[in-house]
There are 2 protein chains.
Amino acid sequence: MSKSLELTPVETVACCSPLMSEPISTDQADRIAPLLKALADPVRLRLLSLVGAHADGEACVCDLNDAFELSQPTISHHLKVLHEVGLLDRDKRGVWVYYRVNATALADLAGLLGRGVR
Amino acid sequence: MSKSLELTPVETVACCSPLMSEPISTDQADRIAPLLKALADPVRLRLLSLVGAHADGEACVCDLNDAFELSQPTISHHLKVLHEVGLLDRDKRGVWVYYRVNATALADLAGLLGRGVR
DNA sequence: CCAAGACATTGACGAAAGTCGATGTGTTGA
DNA sequence: TCAACACATCGACTTTCGTCAATGTCTTGG
């Protein structure tokens with residue numbers, strides 16, 4: 001395997017990551033951390049993935065409740081956390097509430113850790 | 001602005017994110033969450049950024065201590081958290097300990113949230 | 001061999017997070 | 001109008017987390 005020409009994904013990310021290019025400020029860290037904290041839970045990770053992978057890109061809370069062995073208030077709590085940091089958009093239609101992944105927010109986060117594509 | 005031809009970074013990430021392509025398993029979520037949890041703290045974010053942006057890609061603990069108004073044990077604790085999840089490599093040389101960002105681990109995480117480039 | 005320095009570990013404490021049962025708030029169908 | 005349903009909020013509890021002071025471990029210079 002050639003080592004000089006190819007740029008592995010690892011190196012691509014490392015070299016272009018805003019985190020690595022220069023030290024982030026305290027303010028930046030304080031703004032980014034809550035987003036990561038919202039993601040840093042197994043249940044919320046699965047919730048985000050379930051919503052994002054769902055047909056039409058949105059999922060009803062009733063569907064999500066059934067995917068976990070957790071109480072309904074707990075799922076509601078996790079959805080609220082993801083919604084408050086802007087990772088999930090909510091849309092109430094009739095009796096049901098539909099959640100949708102905010103692609104912009106997720107992209108911002110991914111771009112921050114990985115390549116700094118603009 | 002054209003809407004049909006250009007694929008914005010947002011859409012690129014959204015469409016290719018492993019998180020969005022299909023629901024992740026409970027096991028996957030349980031493995032990923034600790035990594036994100038390690039990152040989900042303002043101090044640790046700054047530590048990672050400081051190390052990554054430092055000359056030669058590595059930084060001595062003594063340098064890091066001076067960058068925060070926190071006790072030495074607290075910094076040591078945060079470094080340990082980042083090290084235990086594999087985001088920071090440690091290298092003791094003489095009396096000093098140098099930390100270095102594990103680019104592979106960070107790239108894996110970024111690739112998981114963002115585009116699934118291989 | 002010993003004192004000083006760099007960093008880690010321990011123990012303790014207040015703050016924050018995850019979970020649940022009970023209850024509240026809208027909406028719909030009868 | 002009212003009962004049933006979908007979802008949110010509240011209050012309480014346990015666990016985890018961030019922080020520090022005190023102490024331990026290892027290395028080096030004298």
Side-chain angles (χ1 to χ4, degrees), chain A residues 26-27 29-51 54 56 58-101, chain B residues 26 29-51 54 58-101:
Chain A
T26 304
D27 287 347
D30 288 340
R31 285 201 316 272
I32 299 166
L35 273 174
L36 290 168
K37 191 164 292 189
L39 267 183
D41 180 274
V43 175
R44 289 198 288 268
L45 268 178
R46 288 182 59 202
L47 278 172
L48 197 84
S49 183
L50 276 170
V51 171
H54 203 270
D56 300 331
E58 65 181 11
C60 175
V61 176
C62 52
D63 298 329
L64 302 173
N65 276 325
D66 297 343
F68 298 86
E69 292 186 352
L70 292 170
S71 69
Q72 176 264 322
T74 295
I75 298 299
S76 187
H77 162 70
H78 286 303
L79 289 171
K80 183 181 183 180
V81 171
L82 288 169
H83 174 63
E84 281 177 342
V85 299
L87 284 171
L88 282 186
D89 293 329
R90 105 193 309 159
D91 178 25
K92 176 162 186 174
R93 295 203 293 272
V95 183
W96 294 277
V97 173
Y98 293 87
Y99 282 91
R100 176 180 295 271
V101 174
Chain B
T26 305
D30 287 340
R31 284 200 317 272
I32 299 165
L35 274 174
L36 289 167
K37 191 164 291 189
L39 269 182
D41 180 274
V43 175
R44 290 197 288 268
L45 267 178
R46 289 182 59 202
L47 278 172
L48 197 84
S49 183
L50 276 170
V51 172
H54 204 269
E58 65 181 12
C60 174
V61 177
C62 53
D63 298 330
L64 301 173
N65 276 325
D66 298 344
F68 298 85
E69 292 186 353
L70 292 169
S71 70
Q72 175 263 321
T74 297
I75 299 299
S76 187
H77 161 70
H78 286 304
L79 289 171
K80 183 181 183 180
V81 171
L82 288 168
H83 173 63
E84 281 177 342
V85 299
L87 284 172
L88 282 187
D89 293 328
R90 107 193 308 160
D91 178 27
K92 177 162 184 173
R93 295 203 294 271
V95 183
W96 295 278
V97 173
Y98 294 86
Y99 282 91
R100 176 180 294 272
V101 173

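Hydrogens, waters and symmetry mates play no part in the numbers below; they use all other heavy atoms, side chains included. Bear in mind that the values here come from a model prediction, so they are computed numbers and not experimental data. Order of the sequence lines fixes the chain letters, A, B, ..., with proteins taken first and strands second; residue numbering starts at 1 for each chain.
Nearest heavy-atom pair across A38(A) and V81(A) is CB-CG1, 4.0 Å.
Put simply, the side chain of V97(A) does not reach to within 4.5 Å of the side chain of D91(A), judged on heavy atoms. Two residues are said to be in side-chain contact when any heavy atoms from C-beta on lie closer than 4.5 Å; L82(B) and H78(B) fail this criterion. Looking at heavy atoms from C-beta onward, L35(B) lies out of side-chain contact with L39(B) at the 4.5 angstrom threshold. Side-chain atoms of L45(B) and L36(A), non-hydrogen and from C-beta on, do get closer than 4.5 Å to each other.
Relative to the side chain of V95(B), the nucleotides dA21(D), dT27(D), dG21(C) differ in distance, and dT27(D) lies closest. With distances taken from any side-chain atom of V97(A) to the nucleotides dA6(D), dT28(D), dC7(D), the minimum falls on dC7(D). In the set dC7(C), dG21(C), dT28(C), dC7(C) carries the atom at the smallest distance from any side-chain atom of C62(B). Of all nucleotides listed (dG21(C), dT19(D), dC7(D)), dC7(D) comes nearest to the side chain of C60(A). Taking every side-chain heavy atom of V61(B) into account, dA8(C) is the closest of dT28(D), dA8(C), dT19(C).
Here the P atom of nucleotide dA17(C) and the CG atom of L36(A) are 14 Å apart, to the nearest Å. The separation between R93(A) atom CZ and dC7(D) atom C1' is 15 Å, rounded to whole Å. Counting to the nearest Å, the C1' atom of dT19(D) and the CD1 atom of I75(B) are 10 Å from each other. Computed from coordinates, the D41(B) CG to dT16(D) P distance equals 18 Å when rounded to whole Å. Straight-line distance from the CG atom of L47(B) to the C1' atom of dG18(D): 13 Å, rounded to whole Å. Spacing between atom CG of L39(A) and atom P of dA17(C) amounts to 15 Å, rounded to whole angstrom units. To the nearest angstrom, C1' of dC7(D) lies 13 Å from CG of D66(A). Here the C1' atom of nucleotide dC20(D) and the CD atom of Q72(B) are 11 Å apart, to the nearest Å.
The shortest distance between the side-chain N/O atoms of K80(B) and the OP1/OP2 oxygens of dT9(C) is below 4.0 Å. Contact annotation: S71(A) reaches the phosphate of dC20(C) (side-chain N/O to OP1 or OP2, under 4.0 Å). Distances shorter than 4.0 Å separate none of the side-chain N or O atoms of T74(B) from OP1 or OP2 on dG18(D). Between Y98(B) and dA6(C) there is no side-chain polar atom (N or O) within less than 4.0 angstrom of OP1 or OP2. Checking the phosphate oxygens (OP1, OP2) of dA8(D), a side-chain nitrogen or oxygen of S76(A) falls inside 4.0 Å. Regarding contacts with the backbone of dC17(D), every side-chain N or O of H77(B) stays at 4.0 angstrom or more from both OP1 and OP2. A sub-4.0 Å separation between OP1 or OP2 of dG18(C) and a side-chain N or O of R44(A) is present. OP1 or OP2 of dA8(C) lies within a sub-4.0 Å distance of a side-chain N or O belonging to R90(B). Side-chain nitrogen and oxygen atoms of H78(A) include at least one within less than 4.0 Å of the OP1 or OP2 phosphate oxygen of dT19(C).
Every residue meeting the side-chain contact (heavy atoms from CB on, under 4.5 Å) condition with C60(A), not counting sequence neighbours, appears here in chain and number order: C62(A), D63(A), W96(A), Y98(A).
Using a 4.0 Å heavy-atom criterion, one finds that N65(A) contacts no nucleic acid atom at all. Residue Y99(A) is classed as a sugar-phosphate contact, given heavy-atom separations below 4.0 Å to backbone atoms only. Using a 4.0 Å heavy-atom distance criterion, L79(B) is classed as making no nucleic acid contact.
Between W96(A) and K37(A), the residue anchored nearer the 5' end of DNA chain D, judged by the nucleotide with its closest heavy atom, is W96(A).
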